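First comes the structure, then the notes that go with it.
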Amino acid sequence: MKYDIILAGVGGQGVLSVAAGIATGAMLQGLQVRQSEVHGMAQRGGAVMSHLRISDTEIPGDLVGEGSADMILSMEPLEALRYLAYLKPDGKLVTASDPFINIPNYPDEELIKSKVDATGAGVVVDAKAIAKESGNLRAANMAMVGAASTFLPVEQKNIEKAIENMFASKGDTIIEQNIKAFRAGRG
Amino acid sequence: MGELVLLGDEALALGAIDAGISSAYGYPGTPSSEIMEYVLKYSETNDGIFASWSSNEKTAYEEALGASFVGRRVLVTMKHVGLNVAADPFMNSALLDIKGGFVIAVADDPGMHSSQGEQDSRYFAAFARTMCFEPRNQQECYEMTREAFEVSERFHIPVMIRLVTRLAHSRAVVNTAPVKPQNPMEKTDNTKGWMLLPALARKNWASLLERQSSFLEYTTASEYNPLTINSDFTEFGVITSGLGKNYYDEAKQELPELPSHLHISAYPVPVDKVRELAENVKKIIVIEEGCTFIEDYLRGYLPQAIEISGKQDGEVPLTGELNPDNIRKSLGLAAKDGHATDMDIPGRPPQLCKGCPHADTYAALNEAREAFDNSIVTSDIGCYSLGALPPHNAIETIICMGASIGTAKGAAEAGFKPVVSVIGDSTFLHSGISPLIDAVSCNTPMTVVILDNGTVAMTGGQTTIMPSSRLKTLIEGIGIEAGHIKTIIPLKKHHAENVEIFKTEMNYQGISVIIALRECLETAKKKKSGGSK
Ligand code: SF4
């Protein structure tokens with residue numbers, strides 16, 4: 001078994017914490033993981049992309065090839081479209097619906113939505129609403145992990161354990177809010 | 001001993017710690033910064049290791065040499081262009097009789113994710129005639145670093161570990177081995193080996209040249225340069241280095257036959273193994289990350305019986321990173337189908353954080369420039385380099401660390417007025433002081449703007465080597481007139497007065513310095529949330 005994910009978003013949106021949640025869950029399940037991160041200049045409010053590879057056998061490389069990703073998981077709809085070449089014909093395009101507009105030429109939101117639908121692979125998640133509901137706007141990322149998790153070869157309990165570990169230092173309320181968002185994201 | 005999930009950078013750092021280093025020095029630079037950060041963090045809770053950032057890569061390198069001189073193992077870290085700054089001690093240290101194991105970790109940035117160039121540090125190792133290891137995964141980062149210390153002490157040379165961005169910044173599980181005790185402090189008994197007086201340097205140089213054959217013996221025998229021959233398939237063979245092997249390993253499963261293969265991760269290039277491979281194939285495909293280092297050696301200048309394919313004939317791209325896709329292509333495998341959209345997707349370049357002090361400084365500077373027919377603003381390396389992009393469009397040169405001041409001086413002395421140089425506090429302390437001293441010596445009519453945000457922001461908010469409070473004293477000490485050292489607070493509410501200060505100093509026919517003082521937002525946030533840095 002091998003499962004390749006392209007994570008997409010804008011620098012500062014927490015792409016790394018989404019990757020960490022899934023990666024830690026996979027490792028708790030005894031799977032091998034490779035996770036490539038983005039640091040430095042690219043991180044400053046620009047488009048960022050991270051590769052996450054999960055497998056039950058050795059993973060040679062850090063990068064996912066074109067036409068090879070089982071999933072694109074994006075924190076934002078425009079970024080979801082940017083890396084489509086990586087998505088397998090039968091892959092999933094899981095994206096948050098709320099746009100992150102920090103460029104003057106951000107395309108029409110309806111147009112983006114129609115292009116996501118046109119892939120036939122789209123799973124659009126209102127992560128913002130879920131986060132609000134959970135009582136913590138920052139939990140939107142874990143809502144996205146939740147939405148992705150129904151397709152991942154990682155059990156729910158392992159990802160929840162990973163989320164607990166991630167927020168352990170922030171106290172019980174934050175953990176609960178994030179778990180709540182994660183579960184709501186699973187739908 | 002145990003299993004840890006580490007970045008390539010962190011695995012390298014832990015390898016050095018477990019190899020028994022006593023000290024570590026470095027200057028931050030993406031993608032190398034997390035090496036020192038790991039050692040620094042470790043040293044907070046473990047007394048035995050001294051770790052510190054330095055003013056620049058040259059000082060870091062020289063400080064590290066001192067540790068080796070007294071017999072201790074030491075690690076020094078920098079990014080590829082940082083090695084240019086440290087090139088003087090680096091090149092010369094190859095002639096020294098290295099005592100305590102000396103390892104220099106250099107992180108290259110193919111694809112220029114966060115750099116102004118794509119240079120390949122393996123050339124530097126060869127230029128200095130020393131040895132270099134090139135790991136391809138986190139486990140090798142750990143193991144090769146340990147081995148590099150052994151090799152350094154065995155051959156009495158500084159040894160380089162070359163990383164690339166993808167490895168530096170990707171995480172995987174690392175298995176560790178027992179920790180080695182530190183070397184006792186013991187000064188070298190061969191100080192002649194540390195004095196490069198011409199007469200002595202000639203001897204040391206001869207000795208280094210003599211030892212080349214033993215380096216080669218080592219790399220030829222090394223398990224880090226594995227050669228497998230498949231004599232049933234002679235169409236082509238493959239040489240990989242670094243991450244090239246990872247992509248090759250994945251793609252080769254689709255090849256009808258497994259070609260003969262040599263992977264090189266310990267340099268100098270193991271010549272006999274290359275020859276053995278060549279005897280078994282009609283063509284060699286070279287897959288290496290960075291420049292055409294191995295390929296150039298293979299090609300030479302004269303025609304040869306064997307065909308060589310790689311970056312020179314365009315089968316592997318000459319610039320940018322290796323990736324699964326371009327390696328598939330070089331092996332003749334078809335691209336895989338993905339999805340596509342007919343929508344034009346606008347770029348989303350990096351930009352300054354919302355509310356960043358630099359944005360306010362640039363707004364005031366841009367307005368001040370309107371008062372002049374023409375003006376020049378040179379700039380430097382850091383977050384503020386993003387001032388080159390819209391909406392700021394505020395700067396006109398970005399060359400290398402510290403270059404803004406010297407370049408401005410040259411332009412002013414060639415007759416252009418007004419000239420402004422914009423440089424961050426950390427970059428100023430790295431290598432901006434010397435050109436400012438030059439400018440004082442000529443009372444060059446120019447204005448230096450020091451963006452003092454109290455941190456090394458771009459690389460993740462490391463502490464600046466000197467606190468803001470002492471910056472002004474330093475500048476006064478160099479000899480800038482007190483009346484022409486101005487401090488501004490880059491905030492919207494001070495905009496009008498800041499514009500006036502810029503205009504006044506740009507009109508002044510001598511050297512002036514404006515310090516734009518306001519903390520980086522990220523650093524402020526970190527402090528508030530109680531982060532240690
Ligand atoms: S990290 Fe700091 S210096 Fe860099 S853009 Fe953000 S606020 Fe500005």
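As the structure is a computational prediction, the values presented were derived from the model and not from experiment. Both backbone and side-chain heavy atoms feed into the values below; hydrogens, waters and symmetry mates do not. Every chain is numbered from 1 and lettered A, B, ... according to where its sequence line falls, protein lines coming before strand lines.
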- Item | Nearest-0.5 Å distance that lies between atom NE2 in B:H339 and atom CG in A:L87 | 4.0 Å

- Quick one: pull up OG in A:S68 and CG in B:D337 and give me the separation to the nearest 0.5 Å.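 Between A:S68 OG and B:D337 CG, I get 10.5 Å after rounding to 0.5 Å.
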
What's the shortest heavy-atom distance between [X] and [Y], and which atoms?
X	Y	answer
B:L322	A:L63	O-CD1, 4.1 Å
B:M343	A:P107	CE-CG, 3.8 Å
B:T341	A:L84	CB-CD1, 3.7 Å
B:A457	A:R44	O-NH2, 3.1 Å

- Do you know which of A:E79, A:E66, A:K115 has the most heavy-atom pairs with chain B at a distance under 4.5 angstrom?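 Heavy-atom pairs under 4.5 Å are most numerous for A:E66.
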
Does [X] [atom1] have over 12 foreign heavy atoms under 6.0 Å away?
X	atom1	answer
A:K132	NZ	no
B:K329	NZ	no
B:K252	NZ	yes
A:R138	CZ	no
A:Q29	CD	yes
B:D344	CG	no

Please list every donor-acceptor pair under 3.5 Å in which a side-chain atom of residues 99-106 of chain A meets a protein atom from a residue at least two apart or in another chain.
residue	atom	partner	partner atom	Å
A:N102	OD1	B:R348	NH1	2.9
A:N102	ND2	A:G45	O	3.0
A:Y106	OH	A:E76	OE2	2.4

- Query: In residues 88-96 of chain A, which residues are in contact with chain B at a heavy-atom separation under 4.5 Å?
  - Reply: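 Residues A:K88, A:P89 are the ones that qualify, each having a heavy atom under 4.5 Å from chain B.
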
- Item | Region of B:L7 in contact with chain A, defined by heavy-atom distances below 4.5 Å | side chain

Please state whether the side chain, the backbone, both or neither of [X] comes within less than 4.5 Å of a heavy atom of chain B.
X	result
A:A118	neither
A:A121	side chain
A:V10	side chain

Most chain A-contacting option - heavy-atom pairs closer than 4.5 Å, from [options]:
options	answer
B:G347, B:A335, B:C356	B:G347
B:D342, B:V173, B:L352	B:D342
B:S33, B:A172, B:P346	B:P346
B:A168, B:P324, B:P391, B:S115	B:P324

- Summary of side chain to side chain donor-acceptor pair (under 3.5 Å) pairs that have at least one residue in residues 47-64 of chain A, sequence neighbours excluded: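 Checked against side chain to side chain donor-acceptor pair (under 3.5 Å) - neighbours excluded - the pairs reaching residues 47-64 of chain A are A:D4-A:R53, A:R34-A:D62, A:R53-B:E250, A:S55-A:T57, A:D62-B:S170.
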
- Residues in salt bridge (charged side-chain N to carboxylate O under 4.0 Å, His left out) contact with A:K157, at least two apart in sequence or another chain: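 Partners of A:K157 under the salt bridge (charged side-chain N to carboxylate O under 4.0 Å, His left out) test: A:E155.
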
Does [X] reach the side chain of [Y], with side-chain heavy atoms less than 4.5 Å apart?
X	Y	value
A:V38	B:H169	no
A:L78	B:I345	yes
A:V33	B:R171	no

